[in-house]
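Basis for what follows: all heavy atoms, side chains included, without hydrogens, waters or symmetry-related copies.
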Amino acid sequence: YAQIIVNSLILGLTYILLALGLTLVLSIMDILNFAHGAIYMLGAYIFYTFLMKAGMPYFLSASLTIILIGFVGVLLERFILRPVGTKHLEALVMTFGLALGLESLILLIFGAWILPVRGLFTGAVTVFGVVLSLERLMIIFVSVALVGALFFYVGRTKQGRAMRAVAQNRVAAQLQGIEPN
C-alpha cells in the first residue's frame with residue numbers, strides 16, 4: 001500500500017504542474033484554455049523528436065522544447081486569445097478547436113502508440129520499503145521546487161503582484177500603470 005500511495009503522490013505532483021499552468025491562465029486572463037493539455041502533449045512529442053529521433057542531448061532537447069512551446073503559447077495568446085478578449089464563449093470555442101486540431105495533427109504525425117523516452121537518471125533507492133526510481137525522486141524535488149518558485153514569484157515579486165492586480169481588477173490595474181497584456 002505504501003508503494004501505491006507514493007506512486008499516486010508522485011503522479012499528483014506531475015498533475016499539479018500541469019494544473020498550475022491552466023489555473024494561471026484562468027485566473028489572470030479569465031479564459032478557460034481547452035488547448036492547454038494539447039499544447040502540453042505537443043511539448044512531449046517535440047521533446048521526443050529532439051531526444052530520440054534527432055539524437056540531441058537531454059537538456060538541449062528540453063531547452064529547445066521549452067522555447068518552442070513558449071513561442072506557441074505567445075502565438076496562441078497574441079493571435080487567438082487577445083483578439084477574443086474576455087468573451088468566454090468565443091475563447092472556449094477557439095481553444096477547443098485548437099485542441100482538436102493539435103490532437104489530430106499529432107495523431108497523423110506520430111500515430112496512436114506510446115513512444116518511449118530514455119530516462120535521464122538510472123537506478124533506484126528504497127526508503128522504508130518503498131522503491132523509488134531516481135527519476136521519480138527527481139520529480140518530487142523538481143515539482144516541489146517549481147511550485148515553491150511559482151508561489152514566490154506570484155506572491156513576492158513586482159511582476160507577480162501586477163499579475164494578481166490585473167486578475168482582481170483589470171481597469172484599476174491599468175489606472176495604476178500596469179499593462180494588463
Legend entry - same_hphob_cluster(Tyr153, Ile66) at 4.5 Å side-chain heavy-atom cutoff: no
Legend entry - Heavy-atom closest contact (Arg118 atom, Met52 atom, distance): N-SD, 3.6 Å
Legend entry - From Ile67 atom CD1 to Ile46 atom CD1, the distance as rounded to the nearest 0.5 Å: 12.0 Å
Inset, instruction - Find out whether Leu60 and Pro57 are in side-chain contact, i.e. whether some heavy atom of one side chain is under 4.5 Å from a heavy atom of the other. - result: yes
Inset, instruction - Decide yes or no on side-chain contact (heavy atoms from CB on, under 4.5 Å) for His36 and Leu18, but give the supporting numbers first. - result: CA-CA 8 Å; His36 190 79; Leu18 180 60; 3.6 Å; yes
Show me the donor-acceptor pairs, under 3.5 Å and distance only, between side chains in residues 93-101 and residues at least two apart or in other chains.
unit_1, atom_1, unit_2, atom_2, d
Thr95, OG1, Phe34, N, 3.1
Thr95, OG1, Ala91, O, 2.9
Thr95, OG1, Leu92, O, 3.3

Inset, instruction - Consider only side-chain heavy atoms of I, L, V, M, F, W and Y, link residues closer than 4.5 Å, and tell whether Ile140 and Phe128 are in one cluster. - result: yes
Legend entry - Close side-chain approach of Leu132 to Thr126, heavy-atom, < 4.5 Å: no
Inset, instruction - Specify the closest pair of heavy atoms between Leu26 and Leu32, including all atoms of both residues, with the distance to one decimal. - result: CD1-N, 3.9 Å
Inset, instruction - List for me each residue that meets side-chain hydrogen bond (donor to acceptor under 3.5 Å, both in side chains) alongside Asn7, sequence neighbours excluded, and say none if there are none. - result: Gln3, Arg136
Inset, instruction - Report the distance from atom CG of Leu17 to atom CG of Leu22, rounding to the nearest 0.5 Å. - result: 13.0 Å
Inset, instruction - Evaluate side-chain contact (heavy atoms from CB on, under 4.5 Å) for Ile16 paired with Leu20, printing each intermediate quantity in order. - result: CA-CA 6 Å; Ile16 284 171; Leu20 280 175; 4.0 Å; yes
Inset, instruction - Give a yes or no on whether Phe141 and Phe121 share a hydrophobic cluster (residues Ile, Leu, Val, Met, Phe, Trp, Tyr; joining criterion: side-chain heavy atoms under 4.5 Å apart). - result: yes
Inset, instruction - Scan Leu102, Thr65, Leu68 and name whichever one has a side chain to side chain contact (heavy atoms under 4.5 Å, CB included) with Leu42. - result: Leu102
Inset, instruction - Compare every heavy atom of Val125 with every heavy atom of Leu134, then report the nearest pair and how far apart it is. - result: CD2-CG1, 4.0 Å
Legend entry - Under the side-chain hydrogen bond (donor to acceptor under 3.5 Å, both in side chains) test, residues paired with Arg82 that sit two or more places apart: Glu77
Inset, instruction - Drop me the distance from Lys53's NZ to Ser61's OG, to the nearest 0.5 angstrom. - result: 13.5 Å
Legend entry - Pair Leu13-Val142, side-chain contact (heavy atoms from CB on, under 4.5 Å): steps then yes or no: CA-CA 9 Å; Leu13 287 171; Val142 169; over 6 Å; no
Legend entry - Residue pairs involving residues 41-72 (criterion ring pair (Phe, Tyr, Trp, His ring centres under 6.0 Å); sequence neighbours excluded): Tyr45-Phe110, Phe47-Tyr58
Inset, instruction - Locate the shortest heavy-atom distance separating Glu135 from Gly119; write the atom from each residue and the value. - result: OE2-CA, 2.6 Å
Legend entry - Minimum side-chain heavy-atom gap Ile10-Val6 below 4.5 Å: yes
Legend entry - Gap separating the CD1 atom of Ile80 from the CG atom of Asn33, nearest 0.5 angstrom: 9.0 Å
Legend entry - Co-membership, hydrophobic cluster, residues Val72 and Tyr40, 4.5 Å side-chain: no
Legend entry - Leu51 side, atom CG; Leu64 side, atom CG - distance, nearest 0.5 Å: 11.5 Å
Check: residues 164-180 side-chain donor-acceptor pairs under 3.5 Å, at least two apart:
unit_1, atom_1, unit_2, atom_2, d
Arg164, NH1, Val154, O, 2.9
Asn169, OD1, Val171, N, 3.2
Asn169, OD1, Ala172, N, 3.2
Arg170, NH2, Asn181, OD1, 3.3

Legend entry - Test side-chain contact (heavy atoms from CB on, under 4.5 Å) applied to Arg156 - qualifying residues, sequence neighbours left out: Phe152
Legend entry - Ile109-Ile106 co-clustered via ILVMFWY side chain contacts under 4.5 Å: yes
